Amino acid sequence: MDNEIKTPVKNFIRNIIDDDLNTGKHTNIVTRFPPEPNGYLHIGHAKSICLNFGLARSYSGKCHLRFDDTNPVKEDTEYVESIMEDVRWLGWDWGDNLFYASDYFEQLYEYAEILIRDGKAFVCDLNMEELRQYRGTLTVPGKNSPYRDRSVEENLDLFRRMRAGEFPDGSKSLRAKIDMASPNLNMRDPVIYRIKKTDHHRTGDSWQIYPMYDYTHCISDALEGITHSICTLEFEDHRPLYDWFLDQLPVPCHPRQIEFARLNLSYTVMSKRLLLELVKNNYVNGWDDPRMPTIAGMRRRGFTPEAIREFADRIGVAKANSMVDFELLNFCVREDLNKKALRRMAVMDPIKLTIRNYPEGKIEELDAENNPEDPSAGNRRITFSRNLFIEREDFMEQPVKGWFRLAPGTEVRLKHAYYVTCEELTKDAEGNVTELICSYDPASRGGWSQDGRKVKGTIHWVCAETAVNLETRLYDQLFTIPDLGDIEEGKSYLDYLNPDSLVVNTKALGESSLANTEPGTHFQFLRLGYFLADKEYSPEKPVFNRVTTLRDSWAKQKNKQ
RNA sequence: UGGGAUGUCGUCUAAUGGUAGGACAGCGGACUCUGGAUCCGUACGUGAGGGUUCAAAUCCUUCCAUCCCAGCCA
């Protein structure tokens with residue numbers, strides 16, 4: 001990735017940064033990726049990660065990884081581990097800049113006392129229900145809390161006792177004193193500390209109170225010297241509060257919050273809640289199910305970091321809500337794997353092909369290139385014999401117009417091998433074709449013909465004597481409709497789960513080398529698609545995940561008819 | 001019916017008052033031992049109306065549509 005010399009596409013954030021650099025507001029930039037460790041990262045996070053780390057790299061700045069761990073009831077170290085793994089896998093490096101909001105708890109607490117001393121925060125005894133009543137609604141202003149005018153001394157005393165654990169959960173909160181009549185609900189005396197007698201995954205039982213996001217995030221940014229604090233659109237309404245806290249407190253700097261539109265991808269969901277539900281209720285097989293849009297799932301499916309980064313670059317960054325076509329992701333992974341994946345032959349739905357004029361018992365070896373896009377990938381030897389299997393789809397008894405694969409009486413090339421002509425076929429009682437009897441042209445060895453005759457069709461095959469059985473897992477979209485945000489009244493996203501999102505095919509056959517590779521290796525199965533040896537792969541049970549199919553202009557042509 | 005935002009090819013995204021451009025998808029063709037890859041060509045767009053200007057996607061104005069906000073979640 002370091003030798004990419006692409007000029008970055010302009011976007012409104014880069015424009016802001018360029019301005020800040022030109023005007024001298026900043027001489028270098030610092031961004032951050034601030035996940036809450038309460039779930040696995042998904043492709044939407046990848047957009048944000050690539051944006052923040054990408055900006056830092058592009059401007060020779062820094063990007064911090066900061067865990068926004070202010071809510072111990074939802075967070076867990078399992079998630080911090082997986083997040084770090086995913087960010088690293090995507091190819092980014094935070095260096096020494098690993099932070100936790102929980103590292104700032106003491107500082108945050110001291111700042112809260114300053115707010116109290118300045119009369120800008122108070123301890124409120126309203127419970128959650130009362131608080132809701134007092135907050136008002138979108139159209140009617142809120143009412144001041146009856147506890148709003150407590151003295152500084154009383155507030156300080158109460159707040160310290162909150163910290164000491166003297167009060168039960170939910171009985172009191174610390175609130176900022178701003179404006180209950182503000183049309184922006186976030187400014188209606190927002191809660192900044194709540195009591196939670198819950199152990200924190202990093203601070204253990206040392207805190208009984210935990211700061212809220214709005215209060216924590218801006219201060220964390222300021223303490224770390226973040227210059228551009230990039231977040232998603234739903235925080236736009238929070239920006240006045242972000243700025244308010246920083247304006248009240250003696251913080252080292254005042255970062256600028258910039259909001260961009262989160263990623264929506266067709267045929268999938270991106271909400272942590274929904275993804276968690278899919279996992280918990282076993283609609284998928286865990287966070288790394290290859291159908292999941294999680295980084296872990298995409299990694300297991302066989303998407304590459306390079307493809308995901310390319311995707312993130314291509315979708316751009318803007319403020320308008322949008323839905324990106326999944327095909328772009330497929331394009332990116334094909335583009336990457338086309339250069340890198342070794343070619344192999346495998347047959348998903350085998351049909352027997354016998355070459356009647358090929359000597360019985362003879363097995364010969366032929367040369368096959370590993371990757372036509374990359375000569376350095378070298379060649380391999382593959383075996384050929386009288387008994388082969390080809391793809392059932394590659395034969396048509398009554399060929400349609402434009403068909404140039406195998407049919408009775410027609411000649412095709414077996415990739416890397418010989419020309420064969422179909423002369424006869426056998427059928428079972430139901431009339432299904434069970435075997436194709438062919439003849440071959442011994443002079444066409446290697447797939448060439450000296451007389452220069454044209455053979456339009458080339459098909460893949462495997463040698464019956466040496467082929468190995470494969471389990472292939474053929475993945476398709478998890479959902480049947482592109483926009484899960486737009487579903488029929490009374491229906492749930494679960495009603496749109498694609499029953500065919502996973503088809504396990506155990507009858508596939510592949511060339512023998514496929515039983516001798518490592519989990520995590522990518523291949524292109526000729527004419528079929530890109531596959532990854534799954535983590536469950538073993539030589540005894542070779543399991544391959546289909547990452548994506550190849551482009552198929554024949555299928556397209558067929559669909560038009 | 002409060003507040004905040006956003007509307008550019010089918011989709012994503014540039015154009016910072018001066019030729020509406022790129023990518024994906026589509027279509028057509030060339031080439032090909034993968035109907036793959038590659039190459040070439042092509043169609044398609046400024047939400048609507050008014051105004052300012054020599055000139056408007058861009059500025060003003062009125063409307064329309066969509067998204068977000070009433071957690072002691074982030």
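All figures in this text were calculated on a predicted structure; none of them were measured in a lab.
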Looking at every strand, decide which applies to [X] at a 4.0 Å heavy-atom threshold: base, sugar-phosphate, or nothing.
| X | value |
| --- | --- |
| A:H416 | base |
| A:G485 | nothing |
| A:W461 | nothing |
| A:P372 | base |
| A:E259 | nothing |
| A:K319 | sugar-phosphate |
| A:V317 | sugar-phosphate |
| A:R175 | nothing |

Integer angstrom distance from the [atom1] of [N] to that of [M]:
| N | M | atom1 | value |
| --- | --- | --- | --- |
| B:rG45 | B:rG21 | P | 12 Å |
| B:rA25 | B:rU6 | C1' | 24 Å |
| B:rU46 | B:rA57 | P | 10 Å |
| B:rA55 | B:rC64 | C1' | 27 Å |
| B:rC59 | B:rG18 | P | 11 Å |
| B:rG47 | B:rU13 | P | 14 Å |
| B:rA20 | B:rU1 | C1' | 39 Å |
| B:rA5 | B:rC60 | P | 14 Å |

Residue [X], side-chain heavy atoms: nucleotide from [options] that is nearest:
| X | options | value |
| --- | --- | --- |
| A:R343 | B:rU34, B:rA14, B:rG35 | B:rU34 |
| A:F404 | B:rG35, B:rU6, B:rU13 | B:rG35 |
| A:R527 | B:rG36, B:rG35, B:rC12 | B:rG35 |
| A:A320 | B:rA5, B:rG7, B:rU1 | B:rG7 |

Looking at residues at least two apart in the chain, or sitting in another chain, which of them share a ring-ring contact (aromatic ring centres under 6.0 Å, His included) with A:H460? none
A:F235: ring-ring contact (aromatic ring centres under 6.0 Å, His included) partners, not counting sequence neighbours: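 Scan of A:F235 (ring-ring contact (aromatic ring centres under 6.0 Å, His included), adjacent residues dropped) gives A:Y213, A:H238.
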Rounded to whole angstroms, how far apart are [atom1] on [X] and [atom2] on [N]?
| X | N | atom1 | atom2 | result |
| --- | --- | --- | --- | --- |
| A:L241 | B:rG3 | CG | P | 19 Å |
| A:I382 | B:rU34 | CD1 | P | 14 Å |
| A:I43 | B:rC12 | CD1 | P | 16 Å |
| A:D179 | B:rG3 | CG | P | 14 Å |
| A:I13 | B:rU13 | CD1 | C1' | 14 Å |
| A:E369 | B:rG36 | CD | C1' | 12 Å |
| A:D336 | B:rG36 | CG | C1' | 16 Å |
| A:R188 | B:rG4 | CZ | P | 13 Å |

When you match A:T139 and A:K415 each to their closest nucleotide on RNA chain B, which lands nearer the 5' end? A:T139
Whether the side chain of A:E373 and the base of B:rU38 hold a donor-acceptor pair under 3.5 Å is what I'd like checked. no
Answer yes or no: is there an ion pair linking A:R262 with A:E234, defined by an N-O contact shorter than 4.0 Å?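 A salt bridge is present here (some side-chain N lies under 4.0 Å from a carboxylate O).
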For A:R405, is there an ion pair with A:E391 - N to carboxylate O distance below 4.0 angstrom?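 No, this pair does not count.
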Can you tell me which residue pairs pass the salt bridge (Lys or Arg N to Asp or Glu O under 4.0 Å) test with a partner in residues 128-137 of chain A, sequence neighbours excluded?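 Pairs touching residues 128-137 of chain A that pass the test: A:E129-A:R132.
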Can you tell me which residue pairs pass the salt bridge (Lys or Arg N to Asp or Glu O under 4.0 Å) test with a partner in residues 187-198 of chain A, sequence neighbours excluded?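 Only A:R148-A:D189 qualify under salt bridge (Lys or Arg N to Asp or Glu O under 4.0 Å).
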Is it true that A:F544 and A:F531 have ring centroids separated by less than 6.0 Å? no
Is the distance from the ring center of A:Y79 to that of A:F67 below 6.0 Å? no
Detail all sub-3.5 Å separations between protein N/O atoms and N/O atoms belonging to nucleotides 22-25 of chain B.
residue	atom	partner	partner atom	Å
B:rA23	O3'	A:R314	NH1	3.4
B:rA23	O2'	A:R314	NH1	2.5

Those residues that, when tested against A:R256, pass salt bridge (charged side-chain N to carboxylate O under 4.0 Å, His left out) (two or more places apart):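 None.
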Using the salt bridge (charged side-chain N to carboxylate O under 4.0 Å, His left out) criterion, which residues pair with A:R527? Sequence neighbours excluded. A:D394
Give a yes-or-no answer on whether the side chains of A:R32 and A:S220 include a donor-acceptor pair shorter than 3.5 Å. no
Distance alone, cut at 3.5 Å: any donor-acceptor contact between the side chains of A:S513 and A:R344? yes
On the 0 to 90° scale, with breaks at 30° and 60°, tag the A:F326-A:F303 ring pair as parallel, tilted or perpendicular.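 It falls in the perpendicular class, over 60°.
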Stem regions touching RNA chain B, defined by at least 3 consecutive Watson-Crick or wobble G-U pairs below 3.5 angstrom: B:2-7 with B:64-69, B:10-13 with B:21-24, B:26-30 with B:38-42, B:47-51 with B:59-63
Qualifying side-chain hydrogen bond (donor to acceptor under 3.5 Å, both in side chains) pairs, either residue in residues 164-179 of chain A, two or more places apart: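 Sorted result for residues 164-179 of chain A: A:D125-A:K172, A:R161-A:E166.
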Please determine if a side-chain N or O atom of A:S553 lies less than 4.0 Å away from the OP1 or OP2 oxygen of B:rG36.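 Yes, because at least one side-chain N or O of A:S553 sits under 4.0 Å from OP1 or OP2 of B:rG36.
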Is A:R239 close enough to B:rG4 that one of its side-chain N or O atoms is under 4.0 Å from OP1 or OP2 there? no
Passing option when A:Y210 is tested against A:Y104, A:F105, A:Y193, A:Y109 for ring-ring contact (aromatic ring centres under 6.0 Å, His included):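 The ring-ring contact (aromatic ring centres under 6.0 Å, His included) with A:Y210 is passed solely by A:F105 among A:Y104, A:F105, A:Y193, A:Y109.
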Residues in side chain to side chain donor-acceptor pair (under 3.5 Å) with A:S449, at least two apart? A:D451
Which nucleotides of nucleotides 67-74 of chain B have their base under 4.0 Å from a protein heavy atom (B), which only their sugar-phosphate (S), and which neither (-), written as one string 5' to 3'? SBBBSBBB
Would the number of heavy atoms belonging to other residues, nucleotides or ligands and lying under 6.0 Å from CZ of A:R392 be above 12? yes
Can you tell me whether the base of B:rG71 sits syn or anti, using the 90° cut around 0 to define syn? syn
Every protein N/O within reach of nucleotides 43-48 of chain B N/O, cut-off under 3.5 Å:
none

